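Step one of this worksheet: look at the structure below.
Computed from a predicted structure; not experimentally measured.
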Amino acid sequence: MNTSMIAELLVVALLIAGAAFALLGAFGLVKLNDVYRRMHAPTKASTLGVGFILLAVCIEQTLRVGIPDWRLLLVTVFIFVTAPISAHLLAKAALHRRPQDRPPVPEE
């Protein structure tokens, strides 16, 4: 197997993993029962799925052109930085709006 074929198999694996994680995040967003759980699914799973897909596209672009497209890597970094911040702000807004729905704190 040559390096081009290995790289293409890596791209396929990243696309399949990314689609699976994105689907898992979407399923969690629809099926989970409260705002904190619904927020957790897309923040973790979908962000990882989009990251895998963007990484696969970046590898494919590098195979075609010969140089990596740095804009795709910047988009990936931007998504990984902003998703936890937006989830934190959504959680704070939910706690401020309905403090009685706060999840119970586990005892030590």
Side-chain angles (χ1 to χ4, degrees):
M1 288 178 37
N2 57 10
T3 57
S4 177
M5 187 173 185
I6 293 172
E8 289 177 7
L9 288 174
L10 177 64
V11 167
V12 169
L14 284 171
L15 285 174
I16 290 171
F21 275 111
L23 182 65
L24 185 66
F27 182 74
L29 180 64
V30 171
K31 288 295 184 178
L32 294 175
N33 56 359
D34 69 344
V35 69
Y36 304 105
R37 290 184 182 121
R38 283 185 183 155
M39 181 175 43
H40 184 74
T43 303
K44 305 295 183 221
S46 296
T47 302
L48 193 59
V50 169
F52 280 161
I53 291 171
L54 284 171
L55 187 60
V57 171
C58 186
I59 292 170
E60 180 65 27
Q61 181 73 18
T62 303
L63 289 175
R64 285 187 185 180
V65 178
I67 57 172
D69 190 359
W70 297 106
R71 293 174 295 181
L72 291 171
L73 293 175
L74 287 174
V75 169
T76 306
V77 169
F78 182 72
I79 287 173
F80 276 101
V81 168
T82 58
I85 295 169
S86 63
H88 177 74
L89 291 174
L90 284 170
K92 286 186 69 96
L95 283 173
H96 181 70
R97 184 170 167 96
R98 297 188 53 148
Q100 70 272 17
D101 290 343
R102 180 184 298 252
V105 178
E107 295 183 23
E108 294 180 19

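Although no hydrogens or angles enter the test, the distance criterion places no donor-acceptor pair under 3.5 Å between the side chain of T47 and the main chain of K44.
Taking R97 as the reference, nothing meets the salt bridge (Lys or Arg N to Asp or Glu O under 4.0 Å) condition, with sequence neighbours excluded.
Between F78 and the choices V81, T82, L74, the side-chain contact (heavy atoms from CB on, under 4.5 Å) rule is met once, by T82. Here the options are L14, L9, L15, the test is side-chain contact (heavy atoms from CB on, under 4.5 Å), and the partner is V11; only L15 passes.
Considering every non-hydrogen atom in both S46 and G25, the closest pair reads OG-CA, 3.4 Å. Shown here for F52 and A17, the closest heavy-atom pair between the two residues is CD1-CB, 3.8 Å.
Residues V77 and L55 do not share a hydrophobic cluster, clusters being chains of Ile/Leu/Val/Met/Phe/Trp/Tyr side chains in contact below 4.5 Å. Residues V57 and V75 share a single hydrophobic cluster, defined by chaining ILVMFWY side chains whose heavy atoms lie under 4.5 Å apart. A single hydrophobic cluster is not seen to contain both I16 and L24; linkage of ILVMFWY side chains at heavy-atom distances under 4.5 Å, directly or through other members, places them apart.
With values rounded to the nearest 0.5 angstrom, M39 atom CE is found 8.5 Å from D34 atom CG. Here the OG1-CD1 distance, from T76 to I53, works out to 10.5 Å after rounding to the nearest 0.5 Å.
At most 12 heavy atoms of other shown residues, nucleotides or ligands fall within 6.0 angstrom of atom CD1 in I67. More than 12 non-hydrogen atoms from other residues, nucleotides or ligands lie less than 6.0 angstrom from CZ of F80.
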Show me, pair by pair, the donor-acceptor contacts under 3.5 angstrom made by side chains of residues 58-65, not counting sequence neighbours?
| residue | atom | partner | partner atom | Å |
| --- | --- | --- | --- | --- |
| E60 | OE2 | R64 | NE | 3.3 |
| T62 | OG1 | C58 | O | 2.8 |

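Side-chain contact between I79 and L54 is present, with at least one heavy-atom pair separated by less than 4.5 Å. Looking at heavy atoms from C-beta onward, D69 lies out of side-chain contact with L73 at the 4.5 angstrom threshold.
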